[in-house]
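Take a look at the structure set out below.
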Amino acid sequence: MEKDMRELSKLITEIEGDPVRARDILKGMKLRDIPVIGVTGVAGVGKSTLVDAMIKVLREMGKKVAVVAVDPSSPFSGGAFLGDRIRMKRHFTDEGVFIRSMASRGALGGLNDSIFDVVDLFRGFDFDVVIVETVGAGQTEVDIAYVATTVLLVLAPGGGDEVQMMKAGIMEIADIFVVNKADLPGTDSLVLSLRAMLEISPKKEWVPPIVKTVASSGEGVTDLIKEIERHEEHLRSSGEIVSRRRRNVKKHVEHILRNEIVRILGGHESVDADELLMKTVDRLCKEVKDRWTGK
Ligand SMILES: Nc1nc2c(ncn2[C@@H]2O[C@H](COP(=O)(O)OP(=O)(O)OP(=O)(O)O)[C@@H](O)[C@H]2O)c(=O)[nH]1
Ligand SMILES: [Mg+2]
C-alpha cells in the first residue's frame with residue numbers, strides 16, 4: 001500500500017500539471033463506482049474537523065478513504081491547506097487514508113478542473129470512499145455537485161450562514177444539511193430555519209435530512225455517515241445515480257474541452273479559458289450558421 005500511495009501522489013502531481021497526460025493516465029483504467037462525498041460550506045464552519053471525524057468513523061468500518069481538500073486562497077498546490085492538514089494529522093500514518101490538498105485555481109487560471117480527473121484516479125485505485133472538501137467561495141461550491149455523489153452543506157450557528165447561502169442558491173445542491181458546532185448556542189434556531197426553508201421548497205423524492213454534529217468531539221458523526229449511506233442507497237434504488245453520472249460526465253467533458261481549446265489556441269497562463277471557450281463557441285456557431293445563409 002505504501003508504494004501505491006507514493007505512486008498515487010506522483011500521478012496526481014502529473015494530472016494537475018498536464019490535462020493531456022491526465023487523459024493518458026486514466027485511459028484504460030477500470031473505475032469503481034464508489035461514493036464521492038462533497039463537503040462544502042463557508043470558511044470556519046468546521047469542515048476539516050468534520051472530515052477528520054468522518055475519516056475516523058469510516059476507518060472503524062474498515063473503509064479505505066481518499067480525501068482532497070480544495071484550497072481557494074492559494075494559487076499553488078502542494079503547500080496549500082496547512083491548517084487542514086494539521087487538523088487531519090492523526091490519520092497521516094494510517095495506510096488506509098490518503099489526504100491531498102489542491103489549489104482551487106488551475107494552472108490555466110480557471111477553476112481547477114483536474115479535480116474531475118483526480119477523483120477518477122481515486123476510483124481507479126482501491127478506495128471505498130472519496131471525500132472532497134471545498135470552501136463555499138463562488139463557483140467551486142456549485143461545481144462540487146458535478147463531482148460528488150452526495151453533497152453535504154455544512155452550517156454552523158451564529159454565522160448568519162442561512163441567509164448568505166440562500167442568496168448564493170447553494171441550498172439546492174445539498175443532499176444533506178449538517179449543522180455543525182451543535183454545542184454552541186443558536187443551534188436549534190438554525191435547525192428550525194432550515195426546516196422552515198425545506199417546508200417551502202419544491203418537494204423532491206429525496207428530502208435532505210438535517211444532521212446535528214459536534215465535529216470536534218465526534219458527536220453525531222455516526223448518524224451522519226448513516227444518512228450518507230441512506231442517500232447513496234436512494235441514488236441507486238431510484239436510478240438517479242445514472243442521471244447524475246451523465247450530468248457529471250458532461251461537465252467533465254466541458255472542462256476537458258476548455259483545456260483543449262486553451263492548449264490549441266493559447267496554452268498561455270494569461271489566457272482566460274472561459275472567455276476563450278465562449279469566443280470559440282461563438283465563432284464556430286457563426287461559421288456554421290453562415291453556411292446556411294451562404295455568406
Ligand atoms: N465549538 C465547536 N468548534 C468546532 C467544531 N468543529 C470545528 N470547530 C472549530 O472551528 C474552527 C474551524 O474549524 P475547521 O475545521 O478548520 O473549519 P473549516 O470549515 O475547515 O475552515 P476552512 O477550511 O478555513 O474553510 C476550529 O477552531 C475548530 O476547532 C464544533 O463542533 N464545535
Ligand atoms: Mg478546512
Side-chain angles (χ1 to χ4, degrees), residues 36-58 65-92 97-105 111-112 115 118-119 130-145 147-148 150-165 168 170-171 173-174 176-191 194 209-225 227-228:
V36 179
I37 308 166
V39 180
T40 193
V42 297
V45 289
K47 297 178 296 295
S48 302
T49 315
L50 185 69
V51 170
D52 178 76
M54 285 164 67
I55 296 172
K56 184 167 178 281
V57 174
L58 290 164
V65 191
V67 178
V68 49
V70 181
D71 180 6
S73 57
S74 165
F76 309 104
S77 56
F81 257 55
L82 193 61
D84 286 341
R85 281 163 168 260
I86 288 163
R87 269 189 251 299
M88 299 176 199
K89 197 171 61 184
R90 64 172 160 167
H91 301 292
F92 271 25
V97 182
F98 180 88
I99 299 171
R100 174 79 174 216
S101 54
M102 195 170 167
S104 68
R105 299 190 78 71
L111 184 81
N112 196 339
I115 185 73
V118 168
V119 168
V130 176
I131 303 177
V132 183
E133 176 188 336
T134 60
V135 175
Q139 196 51 42
T140 44
E141 72 204 349
V142 178
D143 265 7
I144 189 70
V147 176
T150 298
V151 176
L152 312 186
L153 178 58
V154 187
L155 302 133
D161 293 330
E162 315 103 280
V163 187
Q164 279 177 40
M165 286 297 188
I170 195 187
M171 292 301 196
I173 67 159
I176 298 172
F177 291 101
V178 182
V179 173
N180 188 43
K181 305 198 186 182
D183 54 321
L184 297 184
T187 301
D188 291 337
S189 73
L190 176 53
V191 171
L194 277 174
I210 303 165
V211 185
K212 288 196 271 184
T213 58
V214 182
S216 42
S217 73
E219 215 180 306
V221 178
T222 305
D223 288 339
L224 174 60
I225 299 290
E227 289 296 343
I228 293 168

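In listed order, ligands and their atoms are each counted from 1. When a residue number appears, it is its place in the shown sequence, counting from 1.
- Atoms of ligand 1 found under 4.0 Å from any heavy atom of E133 (numbered from 1 in listed order, with element): 20 (O), 23 (O).
- Here the shortest heavy-atom distance to atom 29 (O) of ligand 1, taken over V42, V39, T49, V179, belongs to T49.
- The shortest N or O to N or O distance between A182 and ligand 1 is not under 3.5 Å.
- The closest heavy-atom contact to atom 30 (C) of ligand 1, among the options S217, S216, G220, comes from S216.
- Among the atoms of S48, an N, O or S atom is found under 2.8 Å from the Mg ion (ligand 2).
- Under the 4.0 angstrom criterion for non-hydrogen atoms, E219 is not in contact with ligand 1.
- With a 4.0 Å heavy-atom cut-off, ligand 1 is reached by no atom of V154.
- Applying side-chain contact (heavy atoms from CB on, under 4.5 Å) to V179 and the options L194, V211, L153, T213 leaves one that passes, L194.
- Annotation for ligand 1: atoms under 4.0 Å from non-hydrogen atoms of D183 are 1 (N), 2 (C), 30 (C), 31 (O), 32 (N).
- Every atom of ligand 1 is numbered from 1 in the order shown, and the set under 4.0 Å from a heavy atom of A43 is 25 (O).
- With no hydrogens or angles considered, no side-chain donor-acceptor pair links T49 and S216 at under 3.5 Å.
- When the Mg ion (ligand 2) is compared with the N/O/S atoms of E133, atom OE2 turns out nearest.
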